[in-house]
Amino acid sequence: MTVASDSDDLQNPDLQLTRRSARPAGTVVTVRGIEIGGSGLVIMAGPCAVESEDQLLATARAVKAAGAHILRGGAFKPRTSPYSFQGLKEEGLRLLARARDETGLPIVTEVLDVRHVELVARYADILQVGSRSMQNVILLEEVGRSGKPVLLKRGMSATLDEYLSAAEYVMSNGNGDVILCERGIRTFEPSTRNTLDLNAVPMLQRRSHLPVLVDPSHGTGHAWMVARMACAGVAAGADGVLVEVHPDPASALSDGEHALTPDEFAVMASQLAAVGLAVGRSMATSRRGVETAPEVAR
Ligand code: PEP
Ligand code: MN
């Protein structure tokens, strides 16, 4: 196996902070005792959108029982159509905080706009910047100053250079806790929602020191493909996965077509553990042991 060379790092001389040689040992982002980018694999799971207390709590309990480390759920949703469900907004954030209090799972949720960074940061453990916002440089600067770890998803038509430049915006505003997430790119193939670019995993890890996740939910758009592509992501060296889970995908207000049921999620989690073992990674465990201390939203 070759190691990153200076010429890789210097493909883009502006990638001063994100490039591998800036931190050769790699970045580990620690969130409430969970290490992302450490030796263990991390699973982030939850619904596309927070829809109700029942829906979120049922999902949170189920994914926790099956081994998830972090709960995801959109409160502010970037929908393609203005007529689609846009999320519960602050009420969604409150429900996420309640789910964290009950399960101990840290929460990751998307921030869509600079006007909401302070609000979302009051509730979230990790701020997600979505694919559609990857080049919103003002938002990148603002989350860079937020003091919260940032999960930065790859733009659906972004090159890896553009992607790392977006991460550089966050880092150059004082925030070293950036997690990358390959979520599929637009190609000429219409049978899947996107094409999960697994090449990106080893390439990003070679060029950068930041943790890299894969999102096989948006990356495929089909629930039946998610577990296999999650396993493929781990086999490719990803530090973990981000997947959408819903207690009743058929009734989901967004992205039901690729949501896993809790049972399907549990099967996927055990498959990931097996693939992890094959590539020398075990599942992450909390450094705080069982995380129970609730933290009420400020
Ligand atoms: C999401 O994960 O909630 C999401 C909207 O994904 P993406 O930004 O990758 O489309
Ligand atoms: Mn979704």
Side-chain angles (χ1 to χ4, degrees), residues 42-51 55-56 59 63 68 70-82 84-89 92-93 95-96 107-113 116 120 123-136 139-140 143 149-158 162-163 166-167 170 178-187 192-198 200-201 204 212-223 225-226 229-230 233 238 240-261 265:
V42 171
I43 304 180
M44 303 189 185
C48 180
V50 178
E51 298 171 4
Q55 171 247 17
L56 184 66
T59 311
V63 299
I70 292 179
L71 177 67
R72 65 147 286 142
F76 291 88
K77 290 305 302 174
R79 304 305 303 282
T80 300
S81 166
S84 301
F85 176 59
Q86 304 290 314
L88 295 179
K89 308 199 164 87
L93 297 173
L95 294 176
L96 283 163
I107 54 182
V108 56
T109 193
E110 180 161 354
V111 58
L112 274 177
D113 191 281
H116 304 146
V120 179
Y123 292 89
D125 298 297
I126 304 174
L127 299 177
Q128 180 169 324
V129 174
S131 193
R132 290 158 192 78
S133 302
M134 189 209 84
Q135 286 182 313
N136 181 340
L139 180 61
L140 296 173
V143 297
V150 173
L151 173 66
L152 177 62
K153 298 189 90 177
R154 181 182 181 186
M156 60 188 82
S157 302
E162 289 163 341
Y163 188 22
V170 180
V178 181
I179 303 153
L180 302 174
C181 181
E182 161 58 39
R183 50 76 73 200
I185 53 173
R186 279 246 160 119
T187 68
T192 47
R193 175 167 164 172
N194 291 291
T195 296
L196 189 66
D197 177 14
L198 292 179
V201 175
L204 286 169
V212 179
L213 306 181
V214 294
D215 169 358
S217 303
H218 298 91
T220 63
H222 297 295
M225 292 181 74
V226 169
M229 296 310 287
V241 301
L242 174 76
V243 293
E244 290 189 347
V245 180
H246 195 288
D248 177 21
S251 73
L253 296 181
S254 66
D255 286 353
E257 46 310 324
H258 65 224
L260 298 178
T261 64
F265 174 77

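The model shown is predicted, which means the values in this text are computed figures rather than measured ones. Every number for a ligand or one of its atoms is a count from 1 in the order of the listing. Just the heavy atoms: all of them, side chains too, but no hydrogens, waters or symmetry mates, feed the values below.
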- Message: Quick one: does any side-chain atom of Thr109 pair with a main-chain N or O of Gly73 as donor and acceptor, under 3.5 Å?
- Response: yes
- Message: Only heavy atoms of Glu110, strictly under 4.0 Å: list the atoms of ligand 1 that pass.
- Response: 5 (C)
- Rounded to the nearest 0.5 angstrom, the CD-CZ distance for Glu244 and Arg72 is 4.0 Å
- Message: Check the orientation of His258 and His218. Use parallel for under 30°, tilted for 30 to 60°, and perpendicular for over 60°.
- Response: perpendicular
- Restricting to N, O or S atoms of His218, which is nearest to the Mn ion (ligand 2)? NE2
- Query: What's the OD2-the Mn ion (ligand 2)-OE2 angle here (Asp255, Glu244), rounded to 10 degrees?
  - Reply: 140°
- Answer yes when Lys153 and Glu182 have at least one side-chain N-carboxylate O distance shorter than 4.0 Å, and no when they do not. no
- Interatomic distance, Lys77 atom NZ to Gln86 atom CD [nearest 0.5 angstrom]: 10.0 Å
- Item | Under 3.5 Å donor-acceptor, Thr195 side chain and Gly184 backbone | no
- Message: Using a 3.5 Å distance criterion without hydrogens, assess whether the side chain of Gln55 forms a donor-acceptor pair with backbone atoms of Ala49.
- Response: yes
- Message: So is Arg72 touching ligand 1 or not, going by heavy atoms under 4.0 Å?
- Response: yes
- Query: Once you round to the nearest 0.5 Å, how far does CG of Leu152 lie from CG of Leu139?
  - Reply: 9.5 Å
- Item | Which of the ligand 1 atoms, numbered from 1, are nearer than 4.0 Å to a heavy atom of Gly130 | 8 (O)
- Do you see an N/O/S atom of Cys48, backbone or side chain, under 2.8 Å from the Mn ion (ligand 2)? yes
- atom 1 (C) of ligand 1: of Gln128, Arg132, Met134, Arg193, the nearest heavy atom sits on Gln128
- Task: Write out the residue and atom name of the closest protein heavy atom to atom 6 (O) of ligand 1, then the distance separating them to 0.1 Å.
- Result: Lys153 NZ, 3.0 Å
- Does Met156 approach ligand 1 within less than 4.0 angstrom via side chain, backbone, both or neither, non-hydrogen atoms only? neither
- Message: Using heavy-atom distances only, which candidate in Ser131, Pro47, Gly73, Ala49 approaches atom 8 (O) of ligand 1 most closely?
- Response: Ser131
- Task: Ignoring angles and geometry beyond distance, decide whether Lys77 reaches within less than 3.5 Å of ligand 1 through its nitrogen or oxygen atoms.
- Result: yes
- Query: What atoms of ligand 1 come within less than 4.0 Å of a heavy atom belonging to Arg183?
  - Reply: 7 (P), 9 (O), 10 (O)
